[in-house]
**Student:** 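The structure that follows is given in the form of structure tokens.
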Amino acid sequence: MERNVRNKETDKLNIRDLQELLNDMSLEEKIGQMVQITGGSFENDGLITGPEKKNGLGASEIRLAGSVIGSSGADKLKRIQQEYMENHPHRIPLLFMSDVINGYRTIFPIPLAQGSSFDPEMSGRAARVAAKEASVSGLHLTFSPMADLVNDARWGRVMESTGEDPWLNSQFAGAMVEGYQGKDAQFGKNQIAACVKHFAAYGAPLAGREYNTVELSERTLRDAYLPSYQAAVDAGVSMVMTSFNTLNRIPASGNKQLMRQILRDEMGFEGVVISDWGAIEELIPHGVAEDGKEAARLAVDAGVDIDMCTASYAHNLKKLVEDKVVSEDLIDEAVMRILKLKNQLGLFENPYRDADALDEKECILCEAHRLEARKFAGETFVLLKNENVLPLKNKEEKTAFIGPQVYNHEIIGSWSIFGRAKDTVSIADALKKRVPGAVLAEGSAFADGRPGTGVMAARAELHKEDAEAERLLQDAKRIAAEVDTVVLALGEHQAFSGEAKSRADISVPDCQMRLFREVQAVNPNVVVVLFTGRPLDIREISQKAKAILVVWQPGTEGGNAVVDALYGDVNPSGKLAMSFPYCVGQVPVFYNEMRTGRPYGLAEEAYSSTYLDIPNKPLYPFGFGLSYTSFDISPVELDGAVMGKDGEIRASVRVKNTGNAKGKEVLQLYIRDHVAKAARPVRELKAIRKVELNAGEEKIVTFSITQQMLKYIGQDMRYAVDQGKFSVYIGNSSDTQNERVFEVV
Ligand code: BGC
């Protein structure tokens with residue numbers, strides 16, 4: 001094959017080379033490119049293991065499989081690549097992919113926490129660090145970002161999303177893709193390809209139950225769910241992963257309209273589509289395919305290029321082509337996309353890319369990366385309540401740190417597959433340096449039930465025997481009674497959220513609530529530091545605690561970051577990216593809900609849209625978060641009250657730090673369309689600005705309102721902007737009443 005016609009600028013193969021390569025490949029080889037396997041079968045001297053064994057893949061299928069999931073390590077992947085290429089008829093390199101979600105070994109806060117920083121740029125920086133560590137370890141692609149909009153806290157994977165807002169999610173998705181790949185998919189040194197997931201609307205399973213049906217109107221899908229995937233596509237994302245769920249009753253992995261018409265034709269995605277793990281074969285239990293052959297046909301027809309870890313493609317595509325059920329053109333089209341990606345990554349020139357054992361030693365978990373992780377964690381903490389107890393005063397006050405999270409090292413989130421608990425700084429570790437001699441106690445188990453009996457966590461060590469639980473509780477009470485302030489570090493263990501971790505009861509487990517109540521009874525000066533992967537029902541805590549700091553699952557440097565914030569070295573500035581519900585019966589609850597015909601507060605009370613027993617409003621709304629200082633935001637001023645076609649209005653507020661500490665405030669601009677041609681949200685976030693102000697300092701912050709911010713999916717399913725009145729709100733949470741009205745003519 002002629003391989004010397006190179007693109008001069010990039011030194012990569014030209015399309016002509018790739019076409020020649022494709023023409024030269026056998027059907028088996030082509031199908032191989034469309035099959036993804038785990039690394040296990042390359043690691044064990046030809047012994048077929050794991051999913052490959054279970055799926056009945058043979059040695060020749062493994063020899064031709066085009067990509068590997070889940071393995072890492074520079075030396076290992078170099079060896080696998082070398083041996084693989086030596087045995088491959090066209091020496092086409094493998095693509096190594098894995099889940100590098102909130103970091104590779106240096107783990108950043110979970111995505112829901114990142115969303116709560118309201119700082120997409122920081123997520124971009126974290127993605128760059130993750131890409132660096134992953135690339136030196138031999139990886140070429142990460143299955144991130146997850147751009148699924150979420151608003152049901154029962155679903156375990158809300159922790160992997162940046163929250164409930166379409167616009168905010170879009171900012172994060174775009175920033176992360178650029179962080180991994182470089183701007184416009186440059187794939188420079190230490191950059192890796194990104195895969196946005198899970199297309200589409202995986203974050204909306206009915207009743208928050210994992211893998212459940214998704215029922216969305218087309219308008220909601222387009223208005224609320226597609227924008228964040230679109231932002232990833234616009235940022236040049238290389239790959240899209242299908243979702244497990246159905247959409248309009250058709251499972252995504254066999255949904256031709258979704259994958260071809262919407263994703264490719266309308267959204268303009270030209271890269272590779274991969275199924276989620278096993279999702280092609282799941283077309284059988286979904287009840288839309290009779291067997292693996294039918295599943296393969298549906299998926300390839302829908303334009304799914306790679307089968308992640310089933311044998312559907314490997315065992316069926318050849319026969320389907322030979323029987324003329326599937327055209328070889330479909331296979332060629334898919335393989336071409338895969339070859340193009342390998343080429344864009346420069347794998348034909350250097351199949352090992354940045355894999356380098358020395359670089360691994362140097363950069364993984366290096367000081368600079370840890371520092372980024374610590375800084376980022378500090379930006380994600382949300383102060384929900386503070387009755388003058390925080391920040392803690394080290395010298396004058398005696399503080400006890402109690403609770404199962406005090407000693408916990410598993411604070412990196414359940415998707416940190418390469419992260420290690422041993423690398424993580426717990427609160428106890430951090431205190432050793434910052435407050436030597438601090439009083440610490442475990443207080444309780446993580447989960448209810450005795451070892452072996454709990455349903456919340458299969459792991460025995462997350463439970464306690466009754467006698468041990470009692471001893472811990474009594475110790476905690478004794479210690480609490482002797483100090484000025486108690487910091488109670490409570491909440492979800494990282495094993496309670498993530499994939500397949502739906503919860504119907506989203507409260508803090510009873511054993512921890514008992515600790516809270518009994519400690520609070522002996523010392524009311526309680527600060528709750530809440531670790532969690534999802535919004536929780538914290539009604540009781542919100543009434544009784546003096547302060548609440550939500551720290552999510554903060555990552556490798558979590559303990560340091562928490563202690564920084566408790567002692568005021570860092571002033572919390574996070575804002576909730578997902579509303580904290582009043583109780584689980586209110587879920588899903590989110591700020592940008594649709595208007596109804598009988599709105600609460602406006603319609604006759606007895607027949608308005610509300611509950612008999614609880615309020616409509618969440619306990620803490622989207623965008624809410626306090627600071628150790630206070631801010632005053634002036635009424636909104638507009639530079640005009642009328643917007644013409646393609647016009648623009650500038651909206652300003654003066655924000656002043658009226659407290660005693662330096663701090664950051666996140667100004668949020670929301671829009672409300674007064675009269676539209678379809679039901680519209682009560683308001684929608686359209687811009688944010690994070691400003692840092694010294695005590696007493698003030699700044700004027702100006703936003704520009706454009707027609708782009710006013711558009712929505714109109715009656716004919718196309719974007720439209722209405723004429724008439726709009727409100728703009730600028731404030732520091734989604735329930736700000738700081739409003740001005742303008743008109744579009
Ligand atoms: C998850 C994906 C993940 C994939 C590969 C699946 O179970 O849904 O998010 O990328 O596994 O690990």
Side-chain angles (χ1 to χ4, degrees), residues 35-40 50-52 54-55 65-72 95-104 110-112 127 130-131 134 137 139-150 155-162 169 173 176-177 180 192-205 208-212 214 228-229 232 237-247 251-253 271-283 285-286 299 304-310 312 412-419 494-495 497-502 533:
V35 174
Q36 175 161 80
I37 61 172
T38 65
E52 291 73 68
K54 182 174 143 254
N55 293 332
S67 58
V68 164
I69 180 175
S71 291
S72 81
L95 196 53
F96 292 113
M97 315 186 191
S98 201
D99 292 272
V100 177
I101 308 298
N102 42 309
Y104 174 76
I110 54 169
L112 187 59
S137 305
L139 286 169
H140 304 141
L141 180 143
T142 174
F143 297 126
S144 170
M146 176 171 120
D148 304 323
L149 183 134
V150 294
W155 192 47
R157 297 190 84 169
V158 301
M159 53 134 330
E160 284 179 68
S161 164
T162 48
N169 286 348
M176 286 188 208
V177 170
Y180 291 126
I192 59 175
C195 169
V196 68
K197 63 191 188 184
H198 307 81
F199 198 73
Y202 178 43
R209 201 185 74 214
E210 184 66 293
Y211 312 129
N212 204 7
V214 168
S228 46
Y229 308 112
V237 77
S238 302
M239 189 176 276
V240 169
M241 187 186 291
T242 68
S243 54
F244 288 127
N245 54 279
T246 59
L247 206 60
S253 306
V272 176
V273 172
I274 191 168
S275 78
D276 199 346
W277 183 293
I280 295 183
E281 216 161 71
E282 288 173 20
L283 297 176
H286 263 302
V304 180
D305 303 319
I306 300 180
D307 175 1
M308 187 193 288
C309 296
T310 80
S312 296
I412 53 180
S414 61
W415 251 126
S416 303
I417 54 176
F418 302 110
Q494 67 180 32
S497 62
E499 185 171 352
K501 302 284 189 304
S502 293

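As the structure is a computational prediction, the values presented were derived from the model and not from experiment. Quick note: residue numbers are just sequence positions, from 1. For ligands, and for the atoms within them, numbers begin at 1 and follow the listed sequence.
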**Student:** By number and element, which atoms of ligand 1 are closer than 4.0 Å to a non-hydrogen atom of E499?
**Tutor:** 1 (C), 6 (C), 7 (O), 8 (O)
**Student:** Below 4.0 Å from ligand 1: does a non-hydrogen atom of I69 turn up there or not?
**Tutor:** yes
**Student:** Contact between M146 and ligand 1, counting heavy atoms under 4.0 Å?
**Tutor:** no
**Student:** Does M241 offer a backbone N or O that forms a donor-acceptor pair with the side chain of D276 under 3.5 Å?
**Tutor:** no
**Student:** Would you indicate which of D276, D99, I417 comes nearest to atom 6 (C) of ligand 1 when only heavy atoms are counted?
**Tutor:** D276
**Student:** Do W415 and ligand 1 have an N or O pair less than 3.5 Å apart?
**Tutor:** no
**Student:** Can you name the atoms of ligand 1, numbered from 1 with element, that are less than 4.0 Å from a heavy atom of K197?
**Tutor:** 2 (C), 3 (C), 9 (O), 10 (O)
**Student:** Enumerate the atoms of ligand 1 whose separation from the nearest heavy atom of F143 is less than 4.0 angstrom.
**Tutor:** 10 (O)
**Student:** Quick check against the 3.5 Å criterion: does S243 have a side-chain atom that pairs as donor or acceptor with the backbone of A200?
**Tutor:** yes
**Student:** Tell me the closest heavy-atom pair linking P145 and Y180, and the distance in Å.
**Tutor:** N-CE1, 4.3 Å
**Student:** Are the side chains of R157 and V150 in touch, meaning some heavy atoms are under 4.5 Å apart?
**Tutor:** no
**Student:** Is the shortest distance from a heavy atom of E160 to ligand 1 less than 4.0 Å?
**Tutor:** no
**Student:** Looking at D99, T242, V240, which one forms a side-chain contact (heavy atoms from CB on, under 4.5 Å) with K197?
**Tutor:** D99
**Student:** Give the atom numbers and elements of ligand 1 that come within less than 4.0 Å of a heavy atom of F244.
**Tutor:** 7 (O), 8 (O)
**Student:** Does ligand 1 come near enough to R157 that some N or O of the ligand is less than 3.5 Å from an N or O of the residue?
**Tutor:** yes
**Student:** How close do T142 and V100 get, counting heavy atoms only, and between which atoms?
**Tutor:** OG1-O, 2.9 Å
**Student:** Select the closest option to atom 9 (O) of ligand 1 among M241, M97, H198, judged by heavy-atom distance.
**Tutor:** H198
**Student:** How close do Y229 and A201 get, counting heavy atoms only, and between which atoms?
**Tutor:** OH-N, 2.9 Å
**Student:** Could you check, using the six-membered ring where one of them is a Trp, whether W415 and F143 have ring centers closer than 6.0 angstrom?
**Tutor:** no
